[in-house]
Amino acid sequence: MTKYQSITGTRDVLPEEQPYWRFIEKKIYEITSLFGYQRVDPPIFEETRLFIRSVGETTDIVEKEMYTFVDKGDTSLTLRPEFTAGFIRLYLQNGMHMLPKPVKLFSMGPIFRFERPQAGRFRQHTQFNVEAFGEQDSAMDVEVMSIAWQLYAELGFRGLRFQLNSTGCPQCRPAYIETLKAYYHTRLQEICSDCKRRLDRNALRLLDCKSPGCQPVIAAAPVISQHLCSSCDDHFHHLTGYLDRLGRPYEINHKLVRGLDYYSKTVFEVWVQGIGSQNAMCGGGRYDGLIEQLGGEPTPGIGFGSGIERIILSMKEQGLQPEPLPEPRVLVIYFGAKAKARAMDLVFTLRNEKIPALMSFGEKSFKAQMRDANRMHAACVLILGDSEVEQGVISIKDLRQGEQIQVTEAEMVNRVKNLIR
RNA sequence: GUGGGUGUAGCUCAGCUGGCUAGAGCACCAGGUUGUGGCCCUGGUGGCCGCGGGUUCGAAUCCCGUCACUCACCCCA
């Protein structure tokens, strides 16, 4: 047993899993570029008050899930539990609000939340995050949602569907919440203790309670889509109209309310199988009041976060293969000190030609060196023994065909290039 | 925070109701070919049986505690 182990809820990404990461990153770069989004990288920690202000004081994230600590300068800092707050801070601090709108940004990196780990849920996970600032048109919502959709589709996922809802805006949501509360007060006897608590603190969350006893109450609860103001209602109708036109399947889910307070109007998720009991591969929505709340001019915004670990889990579950990473194609093996010196020259010559090449180390037997070549899936080996050194030649063995030839050093690079295709 | 499951070799696991030096497969190393891989054969390295305590003549095995992992609830990506 090793003495040290990784922290609960964190994981090591080993070489076997790297192809998934590289494949997903590659797709992210392709797609964001296609949609005209630019990468930014906010720091991993920020002042605690930024997150409290943006995420919301009464959310689970702020109440019990943040990694918060005081630094040596007595400042309370927090490892980012989400991306959006840092994006907005970055946007305002760097004068990006002066850029032509919309300002379209993305990032990728670790997110920290103190939760009990389970399948598809970690204390440190990696998010791909997209945000668009300064545009309230629902076509903007469609564009942002489409980025997530296209990413999953290009990774090979089929049968995707959006979960969609509108959470209203400051014009209409308060009245809806009052209606909802009034309704719940008539059925207080039937609901669980958690819901009694939610009723005062965060009434929207009543709708996604999983307790069996609460389900009949939820089913008969007033639905927000029937309480939207005309602005929100229009926005939502345009959005669903665009989605219909694009042929993107969606379900309107009245229970979809997000765990962060800042959302307004559109909220959405993309659901997929194979991430344990979690079903959301990404979650996001519109937050038209948040930038102003954090000290900027009134500016609409919309974005989403997608958990890379969940994507990979689900890819494995569905048998979706990433592109393989390139492997070293050539091993240079040798026998004796003289040959070893020449082997070093050769391996560097090959690398200068951009041919992935390795050499053996130490005094391994011929057989062991050949085994190494086989194990690393080399296309060929270059052999330097006493006879090759004497004759000034190099033996090249094609490991796939099993054929072996002798060439001069001048011919070597071209011969190898042919073999490693 | 709550509940279930599991901790034995690098990995996957077997060790029944407690009994001699704790096993297998894979992987790794070496040999079978003093210069030729994959397949095969032979041998080898590698374990305070998660940790601590208890019961017992005797504990990987039973009991208690603890830690970790894992799944689920909560919540979320």
Side-chain angles (χ1 to χ4, degrees), chain A residues 1-11 14 16 55 59-65 80-84 108-130 148 192-195 197-198 202 205 208-212 256-260 267-272 275-284 303-314 331 333-336 339 360 362 364-389 395-404:
Chain A
M1 278 289 109
T2 39
K3 189 172 174 186
Y4 297 106
Q5 58 181 42
S6 58
I7 301 303
T8 296
T10 67
R11 52 195 292 281
L14 301 180
E16 302 84 84
V55 174
T59 57
D60 279 7
I61 291 178
V62 168
E63 283 186 337
K64 48 193 188 190
E65 296 181 355
R80 63 184 178 205
E82 58 119 37
F83 261 115
T84 306
M108 197 169 11
I111 292 292
F112 304 86
R113 289 181 203 166
F114 190 86
E115 300 183 277
R116 283 293 282 272
Q118 66 190 72
R121 211 183 65 189
F122 309 95
R123 288 185 179 175
Q124 175 182 329
H125 78 278
T126 312
Q127 263 186 39
F128 163 49
N129 200 262
V130 169
C192 69
S193 55
D194 279 344
C195 279
R197 194 164 42 82
R198 290 186 184 113
N202 203 337
R205 301 224 63 88
D208 67 356
C209 180
K210 307 294 190 302
S211 161
L256 184 64
V257 292
R258 309 211 47 78
L260 295 77
V267 289
F268 71 94
E269 296 184 346
V270 176
W271 282 11
V272 73
I275 38 183
S277 67
Q278 333 295 328
N279 44 24
M281 200 141 70
C282 76
F304 71 85
S306 180
I308 308 290
E309 288 84 356
R310 283 190 184 178
I311 296 176
I312 292 172
L313 221 71
S314 191
L331 180 67
I333 72 181
Y334 58 84
F335 223 53
S360 290
K364 284 187 158 182
S365 71
F366 219 94
K367 189 191 194 106
Q369 294 186 73
M370 288 299 289
R371 250 201 308 268
D372 287 342
N374 198 55
R375 257 187 301 227
M376 64 185 242
H377 306 120
C380 64
V381 286
L382 302 194
I383 301 168
L384 287 170
D386 295 338
S387 60
E388 283 85 359
V389 171
S395 293
I396 302 180
K397 179 159 186 173
D398 178 347
L399 288 178
R400 287 176 288 200
Q401 304 302 320
E403 290 158 8
Q404 188 165 324

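Chain naming here is simple, since letters A, B, ... match the order of the sequence lines and numbering starts at 1 in each.
What separates CG of A:Asn129 from P of B:C76 is a distance of 16 Å, to the nearest Å.
Looking at the side chain of A:Asn374, the nearest of the listed nucleotides B:C71, B:G38, B:A68 is B:G38. If you check B:G35, B:G37, B:C75 against the side chain of A:Glu115, the one that comes closest is B:C75. Among the nucleotides B:A68, B:C75, B:U36, the one closest to any side-chain atom of A:Gln278 is B:C75. Distances were taken from every side-chain heavy atom of A:Arg113 (C-beta onward) to each of B:A72, B:A68, B:C76; the shortest belongs to B:C76. Taking the side chain of A:Glu65 as heavy atoms from C-beta on, and the options B:C75, B:C76, B:C29, the nearest nucleotide is B:C75. Closest contact between the side chain of A:Glu388 and the listed nucleotides B:G32, B:U36, B:G35 involves B:G35. Distances from the side chain of A:Phe335 to the nucleotides B:G37, B:G35, B:C75 place B:G35 closest. The A:Phe366 side chain lies nearest to B:G35 when the options are B:G35, B:C76, B:C29. Comparing B:G35, B:U36, B:A68 against the side chain of A:Asp386 picks out B:G35 as the nearest. Among the nucleotides B:G35, B:C71, B:G31, the one closest to any side-chain atom of A:Ile383 is B:G35.
Other residues, nucleotides and ligands contribute more than 12 heavy atoms inside 6.0 Å of the CG atom of A:Leu14.
Taking atom C1' on both B:G52 and B:A60, the two are 16 Å apart, rounded to the nearest angstrom. Taking atom P on both B:G58 and B:C39, the two are 49 Å apart, rounded to the nearest angstrom. Between B:G43 and B:G23, the two P atoms lie 15 Å apart (nearest whole Å). The gap from the P atom of B:U55 to that of B:G46 amounts to 34 Å, rounded to the nearest Å. For the C1' atoms, the distance linking B:A27 with B:U12 amounts to 11 Å, nearest Å. Taking atom P in both B:A14 and B:C73, the straight-line distance is 27 Å, to the nearest Å. The gap from the C1' atom of B:C69 to that of B:C51 amounts to 14 Å, rounded to the nearest Å. A gap of 8 Å separates the C1' atoms of B:G47 and B:U8, to the nearest Å.
Within the shown strands, nothing qualifies as a pairing partner of B:C48 under the Watson-Crick or G-U definition with both distances less than 3.5 Å. Base pairing annotation: B:C76 forms no Watson-Crick or G-U wobble pair, as no partner gives both donor-acceptor distances under 3.5 Å. Under the Watson-Crick or G-U wobble criterion, with both distances below 3.5 Å, B:C39 has no partner in any strand shown. Base pairing annotation: B:U12 forms a Watson-Crick or G-U wobble pair with B:A24, both donor-acceptor distances under 3.5 Å. Using Watson-Crick or G-U wobble geometry with both donor-acceptor distances under 3.5 Å, B:C62 finds its partner in B:G54. The pairing partner recorded for B:G18 is none, the criterion being a Watson-Crick or G-U wobble arrangement whose two distances lie under 3.5 angstrom. In this structure, B:U6 forms a base pair with B:A68, meeting either the Watson-Crick or the G-U wobble geometry with both donor-acceptor distances under 3.5 Å.
Between A:Gly276 and A:Gln127, the residue anchored closer to the 5' end of RNA chain B is A:Gly276, taking for each the nucleotide with the nearest heavy atom. Both A:Phe114 and A:Gly402 lie near RNA chain B, and the one whose nearest nucleotide falls closer to the 5' end is A:Phe114.
Counting non-hydrogen atoms under 4.0 angstrom, A:Ala373 reaches nothing in the nucleic acid. Across all strands shown, A:Phe128 has no heavy atoms under 4.0 Å from either base or sugar-phosphate atoms. Nucleic acid contact class of A:Glu309 (heavy atoms, under 4.0 Å, all strands): none. Using a 4.0 Å heavy-atom cutoff across all strands shown, A:Lys64 reaches no nucleic acid atom at all. Residue-level contact check: A:Glu269 touches neither bases nor backbone, having no heavy atom under 4.0 Å from any strand. Residue contacts shown for A:Ile311 are absent, as no nucleic acid heavy atom lies under 4.0 Å away. Residue A:Gly385 is in base contact, counting any heavy-atom pair closer than 4.0 Å across all strands shown. Across all strands, A:Arg371 comes closer than 4.0 Å only to sugar-phosphate atoms, never to a base (heavy-atom distances). Among the atoms of the strands shown, none is found under 4.0 Å from any heavy atom of A:Gln124.
For the pair A:Glu82 (side chain) and A:Val55 (backbone), a donor-acceptor distance under 3.5 Å is absent. Side chain of A:Gln401 to main chain of A:Asp398: no donor-acceptor pair is present (N/O by atom type, distance under 3.5 Å, no hydrogens or angles). At distances below 3.5 Å, not a single donor-acceptor pair connects side-chain atoms of A:Ser314 with backbone N or O atoms of A:Ile311. In this structure, the side chain of A:Asn129 engages the main chain of A:Phe304 through a donor-acceptor pair within 3.5 Å. Under the 3.5 Å distance criterion, the side-chain polar atoms of A:Arg310 are matched with a main-chain donor or acceptor of A:Gly120. No donor-acceptor distance shorter than 3.5 angstrom exists from the side chain of A:Arg80 to the backbone of A:Ile111, with no hydrogens or angles considered.
Remark: the A:Lys367 side chain and the B:U36 base include no donor-acceptor N/O pair separated by less than 3.5 Å. The base of B:U36 does not come close enough to the side chain of A:Gln369 for any donor and acceptor atom to sit less than 3.5 Å apart.
For B:A27, the OP1/OP2 oxygens have no side-chain nitrogen or oxygen of A:Arg375 closer than 4.0 Å. For A:Ser387 and B:G35, the shortest distance from a side-chain N or O to OP1 or OP2 is not below 4.0 Å. Proximity of A:Gln118 to the phosphate of B:A72: a side-chain N or O atom is located under 4.0 Å from OP1 or OP2.
A cation-pi contact, defined as under 6.0 Å to the ring centre and within 45° of the axis, links A:Arg123 to A:Phe114.
Between A:Tyr334 and A:Gln369 the shortest side-chain heavy-atom distance falls below 4.5 Å.
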